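Lettering of chains follows the sequences in order, A, B, ..., and the numbering in each one begins at 1. Computed from a predicted model, the values in this text were never measured in an experiment.
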Number of protein chains: 4
Amino acid sequence: MDLLHTKERIARAAVRLFSRKGFKGTTIKDIAREVGITEGAIYRHFASKEDIIRHLTRRITEDLGRRIQREVLPQKTFRDKVSKLVEVLVRYAFENPDEFRYLTVYHILREEVPQEDLPGRRILEMFRNAYARGETDLIPEVVLSVVIGSVDRIFILKDLGLATASEEDILDQIRRAILKAVT
Amino acid sequence: MDLLHTKERIARAAVRLFSRKGFKGTTIKDIAREVGITEGAIYRHFASKEDIIRHLTRRITEDLGRRIQREVLPQKTFRDKVSKLVEVLVRYAFENPDEFRYLTVYHILREEVPQEDLPGRRILEMFRNAYARGETDLIPEVVLSVVIGSVDRIFILKDLGLATASEEDILDQIRRAILKAVT
Amino acid sequence: MDLLHTKERIARAAVRLFSRKGFKGTTIKDIAREVGITEGAIYRHFASKEDIIRHLTRRITEDLGRRIQREVLPQKTFRDKVSKLVEVLVRYAFENPDEFRYLTVYHILREEVPQEDLPGRRILEMFRNAYARGETDLIPEVVLSVVIGSVDRIFILKDLGLATASEEDILDQIRRAILKAVT
Amino acid sequence: MDLLHTKERIARAAVRLFSRKGFKGTTIKDIAREVGITEGAIYRHFASKEDIIRHLTRRITEDLGRRIQREVLPQKTFRDKVSKLVEVLVRYAFENPDEFRYLTVYHILREEVPQEDLPGRRILEMFRNAYARGETDLIPEVVLSVVIGSVDRIFILKDLGLATASEEDILDQIRRAILKAVT
DNA sequence: TATGAATGAGCTTTCATTCAT
DNA sequence: TATGAATGAAAGCTCATTCAT
């Protein structure tokens, strides 16, 4: 853990805390305590609390966006796109629970922080094209909602300890359900 | 508006603000300003900020829970239960956007406020019974996730101005998609 | 002292402190302690530390400016104008030492605080007209410097305890010297 | 500029900043940035911020004091003394604007920094002797105020861009005016 | 000599809460 | 019931100073 640069350790503590307690609900002292430094030290790496959240949002958005661009967009059929998207999202959520939770919070508590472009818009674009080309008769917003919403919720249930199935089973079942829904 | 009791006006302002800015992100002054009274006056009606959120959570939970109990649970088949649940949720979300948004925030930002019993648990129970009785081969958590998650997301998209379809069309499409997914 | 509104008491404490220790050298705690309230209470009357200084500057500037406009500008001859100006300044300085000292600090520590229009500019205008009309052969900037500078310094010496003469004697002598200088 | 020792470059940056923003209004970081080094490096040359200001005050005071001792005190008549003093002060102010401005700030913001002996006291002594010997009938404090105050103010006006006359003209006029005032 | 990270005290400001009126 | 002033704790942030490198 000490091998990481302090800046990176601050960023990781911040995602974890912001995603659980919100931006306002997390104090600089919380972050500092988690990293094991004093509050003042944070300001050597980030200009302000807002600066931290801007940094995180950009990073997470770019990371997830890149995965989607690389793995999902190149898929040929609508069905394959949806299938891959579910897979990418579920894998991302299980590998980066804090980041995934962060994205959800960020979506909803909009007035707390400056809004930037989120991956959702790019995915929506993809579904709009599929709809236009007649590959599906569900309006794009509904496809997006079913896919992201389902993954989001199952993740929250897992997070809350209410879902006990394995990651494998969850991916299998949720993908199957979603594919039936949208095709 | 002035016909309402001050306590009710405070409660309404509070849901709207808590659901958009979070518990910590909303100040007593924010609420007072929205209601058109001073900060001190709030304490005539609620003992503390926590008291407001407790009151809201109980109220919203009970209201939505009652609707589910009355309209969803009596349904005979699994398919009818799901269909009715989607309908109840979509209608509730469009009629009470602040309350619905509040529930979502409340679910995720868990460490901000004391957790109470949410309607999700009762619904989960219902799906567990259906699963046990062999009415569906999807595990209950996945059914719950697809239903609630999809409705949740389409509502957020509406809220963000990203979904432009009418309430009617949205209900139709989302219900159709969800039914295909879970049956 | 308790008859005054808190806002006025804050303002008075602030001039005294700012004029002696500078803007940055004075803390909100200093002011609060002097007034006998807590730091938070200050913010019910002023939005920020900057707001206090803006308020003070406007007030002092307007007060002194008004006196000059009423008593100095109407004087007929150049000599009478200078004589009256010295009198007004000396009287103001002895009656409002904190405010007078504040003006001096404010003039010099320019980058600490937002600049507004100070009385000096109006007086300079007056001397420019006198110079144009041939009432004096000293350039206006020099006249202004001799008048204000001399009064300023004698005040500082008094303040430091280095000048022991009475207010009467000081006014007499300084006015006599200045009149000889500029006419 | 790089030929100078770092210590000297720190000192010069410090006078400039202290004289414009005050002692508290200037940070070690400000000084370091101006010199082009890091904050820590300053502590190789000065023990503390207070040490810098002590060093500056002593240096400036001694420099100006030496000039006065060499050029002003040896003058025979009271008139020659005043004349030379004006000349020395004006020349010093134009050659060392930061140092001159520093002296003014230092005089007024007394509680910020430890007081040391300033040149003013020595000059005051000189005028006291002249007064005792009957060379002038103006009390020494007034003479000192007219001389120093006038020079001070014309310098501030120049500094603020409000006086546009040349250094030559300013010296001529201010000396003429002051001599008329005190003799 | 110089850097850059860190500390710790103190600053300005916010905010839930109380209370006299 | 409501106001508005005040409290006191805690927040975000700054800054002089130290120290390992």
Side-chain angles (χ1 to χ4, degrees), chain A residues 2 5-7 9-10 23-32 35-53, chain B residues 5-7 9-10 23-33 35-53, chain C residues 2 5-7 9-10 23-32 35-53, chain D residues 5-7 9-10 23-33 35-53:
Chain A
D2 255 284
H5 267 320
T6 303
K7 180 162 188 172
R9 286 163 62 211
I10 293 170
F23 181 64
K24 291 277 173 111
T26 301
T27 69
I28 291 288
K29 196 175 207 128
D30 287 340
I31 300 174
V35 176
I37 54 179
T38 56
E39 296 156 80
I42 301 226
Y43 290 87
R44 185 154 281 278
H45 303 279
F46 293 95
S48 66
K49 207 180 155 188
E50 280 238 328
D51 190 32
I52 300 180
I53 211 166
Chain B
H5 268 322
T6 302
K7 179 161 188 174
R9 286 162 63 209
I10 293 171
F23 181 65
K24 290 277 175 125
T26 302
T27 69
I28 292 287
K29 194 174 203 136
D30 286 340
I31 300 174
R33 196 186 304 120
V35 175
I37 55 179
T38 55
E39 299 154 83
I42 297 213
Y43 289 85
R44 286 271 142 204
H45 304 276
F46 293 95
S48 67
K49 206 181 159 188
E50 281 237 327
D51 189 32
I52 301 180
I53 210 164
Chain C
D2 254 286
H5 267 321
T6 303
K7 179 161 188 174
R9 286 162 63 208
I10 294 170
F23 181 65
K24 291 278 173 113
T26 302
T27 70
I28 291 288
K29 197 175 205 129
D30 287 340
I31 300 174
V35 175
I37 54 180
T38 56
E39 296 155 82
I42 300 219
Y43 290 86
R44 185 153 280 278
H45 303 278
F46 293 95
S48 66
K49 206 179 157 187
E50 279 238 328
D51 189 33
I52 300 179
I53 212 165
Chain D
H5 268 322
T6 302
K7 179 160 188 172
R9 287 162 62 210
I10 293 170
F23 181 65
K24 290 276 174 125
T26 302
T27 69
I28 292 287
K29 193 175 204 135
D30 286 340
I31 300 174
R33 195 186 305 124
V35 175
I37 56 179
T38 56
E39 298 153 83
I42 298 214
Y43 289 85
R44 289 270 142 205
H45 304 278
F46 293 95
S48 67
K49 205 180 158 186
E50 281 238 327
D51 189 32
I52 301 179
I53 210 166

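When the P atom of F/dT14 is taken as reference, atom CG of D/Asp30 falls 12 Å away, rounded to whole Å. Between C/Lys24 atom NZ and E/dC11 atom C1' there is a gap of 11 Å when expressed in whole angstrom units. In this structure, C/Asp51 places its CG atom 13 Å from C1' of E/dT13, rounding to the nearest Å. Note: NE2 (C/His5) to P (F/dA5) measures 9 Å, nearest angstrom. Following rounding to the nearest Å, D/Glu50 (CD) and F/dC15 (P) show an atom-to-atom distance of 17 Å. Rounded to a whole Å, the CZ atom of A/Phe46 is 18 Å from the C1' atom of F/dT14. Per the geometry, NZ belonging to B/Lys49 stands 17 Å off C1' belonging to E/dT18, to the nearest Å. Rounding to whole angstrom units, CD1 of residue D/Ile10 and P of E/dT1 are separated by 10 Å.
Here the side chain of C/Ser48 is nearest to one of E/dT13, F/dT14, F/dT3, namely E/dT13. In the set F/dC13, E/dA2, F/dA6, F/dC13 carries the atom at the smallest distance from any side-chain atom of A/Tyr43. The side chain of A/Thr27 approaches F/dG12 more closely than any other nucleotide in the set F/dG12, F/dT1, F/dA5. The side chain of C/Glu39 lies closest to E/dT13 when the candidates are E/dT13, F/dG8, F/dC13. In the set F/dC13, E/dT17, F/dA6, F/dA6 carries the atom at the smallest distance from any side-chain atom of C/Ala41. Among the nucleotides F/dT1, E/dC11, E/dA6, the one closest to the side chain of B/Arg44 is F/dT1. Across F/dG12, F/dA16, F/dA2, the shortest atom-to-atom separation from the side chain of A/Ile28 is found for F/dG12. Candidate nucleotides F/dT17, F/dT7, E/dA6 were compared by shortest atom distance to the side chain of C/Ile37, and F/dT7 ranks first. With distances taken from any side-chain atom of A/Thr6 to the nucleotides F/dA11, F/dT17, E/dA5, the minimum falls on E/dA5.
More than 12 heavy atoms of other residues, nucleotides or ligands shown are found within 6.0 angstrom of NZ on D/Lys7.
Side-chain atoms of B/Ser48 and B/Asp51 form no donor-acceptor pair, as typed in the model, at a separation below 3.5 Å.
At least one donor-acceptor pair closer than 3.5 Å links the side chain of C/Lys49 to the backbone N or O of C/Thr26.
Projected onto DNA chain F by closest heavy-atom contact, C/Ile42 and D/Ala47 fall at different nucleotides, the more 5' of which corresponds to C/Ile42. Residue B/His45 is the one, among A/Lys29 and B/His45, whose nearest nucleotide of DNA chain F lies closer to the 5' end (criterion: closest heavy atom).
For the C1' atom pair drawn from F/dT21 and E/dT1, the interatomic distance equals 13 Å after rounding to whole Å.
When both distances must be under 3.5 Å, the Watson-Crick or G-U wobble mate of E/dT14 is F/dA9. Nucleotide F/dT21 forms a pair with E/dA2, judged by Watson-Crick or G-U wobble geometry with both contacts under 3.5 Å.
Residues B/Arg9 and B/Val35 share a closest heavy-atom pair of NH2-O, 2.9 Å. Contact between C/Ala32 and C/Thr38 at its shortest, heavy atoms only, is CB-C, 3.8 Å.
The shortest distance between side-chain heavy atoms of B/Thr6 and B/Ile10 falls below 4.5 Å.
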